[in-house]
Amino acid sequence: MKKKFFFLILILFFNSQAQSQQNKIKKNSFVRKGILLDYNSWNENVILESNNTKTTQKALAYGTGISFDWSETKARTGYGFNLGLISSFAVTGQSSTTDGYFVKRNSFLAFRGSFRYFQRINPRFELGAAPYILLNQLKWKSTESYTAKASSNIVFGFLLDNRYRLNRNWELIQALGLTNVKNSSITWRVGGGYYF
Amino acid sequence: MKFSIVLIIFIKLISINVSGYAGFVSYGYKSCVFCHYNSQGGGALNDYGRAVFASEFASTLFLDKETTAEKLSESSGFLGSYELPWFIRPGAKYRGLWMLNEPGSKASNSKYITMQADVSLAVHFDQDSKFLFIGSLGYLPTPLAVRNSSGALQKPSQWISREHYFRWQALKELIVSVGLMDKTYGVRTVDHTAYNRSKLGFGQNDQTYGVQAHYSGSDWELTLHPFIGHLKQESQLRHQGVSLMYEKDLEDKIRVGGSVLQSQNKFIQWVRAGAHSKLGYGEGNSLLSEVGILQNKPKSATSQNGGYLFLENLGFISQGYYLLSQLEYFNQTLSSKTPDQFRWSFGLLSFPAPKSEFRASIINSRTQGDSGFTEDQWQLQTQIHLSL
């Protein structure tokens, strides 16, 4: 838990490291490549089977991701892609119930690839739409009462992806969106990136 | 033009720094003292603050082309362009909030809340503004939580003063304020429900009587604020203590700082310590951040050490219009015994006309912990702020 807190402190570190620079557009377009480190949180569904009855239960997945980011920026718009891994955990059910299905800190690895099309609101602020695909290795342990499995290991989603360019090298990312449209499951992505 | 020149000379002469919201650091306003009578921000705006709000921050989209920044500045007073005597500066502020909880669900419900309906008065005792009195009186509606209750909890609406203090500019660099005001600590965001306010005991009505001494160096500020609690509270509930805040400018639009606070009443001791930064980047964009720890030590129980984080990003769209993204984190014990609480507000912050503010945002609250899965909470909010 403390590690997560210190990760959030990292965001503050990015902030304090940033330097005020004017980043005026000099070319028609430019390419940027960088590494992003971020905190991710989204919902998953668990399919439970007990006494030949199937039910679906929501789970919260969360983890730290690292990814490669590429973008081409023009005067007003731009596009890019992002590929990376998320070291994740998931929790479902309630510890307070004795007859329900409860699992905490279920660790798994997820791979995410996304495309981003963005509008440059101003030279330092990009507001984008980012459809993405999430492939995960999430497996749920079965118990005496329940057979459990992930509803899908391939998830499609959509993010409203905001990028704030603090200076030439450092960038802040804040993205909010839907992972599983059917269940209105919300995805969070918050972090920072270093661009070469 | 003449007015602007006189205003600038006046400000330079009395060496007051200036600001609006902390997010306006990107315009070079790193300190609150420029725009507010309270040198740590919040409360009534001074003449300069009113002029800046009207001419620099408010949208000019609906104004005709002949309305210049000078004209907007000149008409920013309480009675518009009618000039009041130099020794008196009245003001009024209304803030209303409409919220829709859990939109789209069966449990969805909406509410309208009058958050603030205040009148204020600043009295200048001399033309150099060395001696001032600032006070406010406002309508305090019955809190929603107790509005429909009965018995002891039932309280009528009442009047409240959130600030009344004497301000003395003892030296060019030193401002001493004595009276009722907000505690000096961290980033003073207008959102009183933000975790860096509500979880630390700096809510909308948590003001205290005390002495705030604010010293401004060439590129730093130091504020000491010993306080004795709110005299309207029962004596055993009053928090008595002291806070200290230091801020240092690293560059033109970058300020970092730190705060500590220690206080106690008959039942509990509080310790808060935090670091913050105000970063302006590009034209109109800003990032405010605050991270800290808190200790709540009940006199008859073991203490809890928690932590919090606050990030607020303002993305400039055009004059008077910003995209606002606010991210908050809180854990009561900084351990797996208590859940991580996250909150994300995302939406529009706008100043569509002078003396007005409009906000529209979605707020998602998420709880993450080992005790199990908790459904997110959702809220749609719109706010309207009007001032005179």
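Letters go in sequence order (proteins before strands), and every chain restarts at 1.
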* Structure fact -> dist B:Ile254:CD1 -> A:Asn167:CG (nearest 0.5 Å) comes out at 8.5 Å
* Structure fact -> One should read off an interatomic distance between B:Phe373 CZ and A:Tyr101 OH, to the nearest 0.5 angstrom, of 14.5 Å
* Structure fact -> Counting heavy-atom pairs under 4.5 angstrom with chain A, the leader among B:Thr374, B:Asn364, B:Leu323, B:Asn313 is B:Asn313
* chain A heavy atoms under 4.5 Å from B:Phe316: which part of the residue, side chain, backbone, both or neither? -> both
* Asked: Does the side-chain contact (heavy atoms from CB on, under 4.5 Å) test come out yes or no for B:Gln368 and A:Val91, once each step is laid out?
  -> CA-CA 8 Å; B:Gln368 173 188 306; A:Val91 59; 5.8 Å; no
* Would you find a donor on one side and an acceptor on the other, under 3.5 Å apart, between the side chain of B:Arg366 and the backbone of A:Leu60? -> no
* Asked: Which bit of A:Tyr164 is near chain B, if near means a heavy-atom gap under 4.5 Å: side chain, backbone, both or neither?
  -> both
* Can the ring centres of B:Phe342 and A:Tyr62 be said to be less than 6.0 Å apart? -> no
* **chain B contact via A:Leu176 - which portion, at a heavy-atom distance below 4.5 Å** => both
* To do: Check A:Gln174 against B:Trp344 and note the closest heavy-atom contact, atom names and distance.
  => CB-CZ2, 3.5 Å
* Would you say B:Lys297 has more than 12 foreign heavy atoms packed within less than 6.0 Å of its NZ? -> no
* Where does B:Ser105 contact chain A at under 4.5 Å (heavy atoms): side chain, backbone, both or neither? -> neither
* Residue A:Thr97 versus chain B: region with a heavy atom under 4.5 Å -> neither
* Asked: Does a side-chain heavy-atom distance below 4.5 Å link B:Leu327 with A:Val190?
  -> yes
* Who among B:Gly104, B:Ser325, B:Ser371 has the most heavy-atom pairs with chain A under 4.5 Å? -> B:Ser371
* Among A:Thr92, A:Val103, A:Asn162, A:Asn122, who wins on heavy-atom pairs under 4.5 Å with chain B? -> A:Asn122
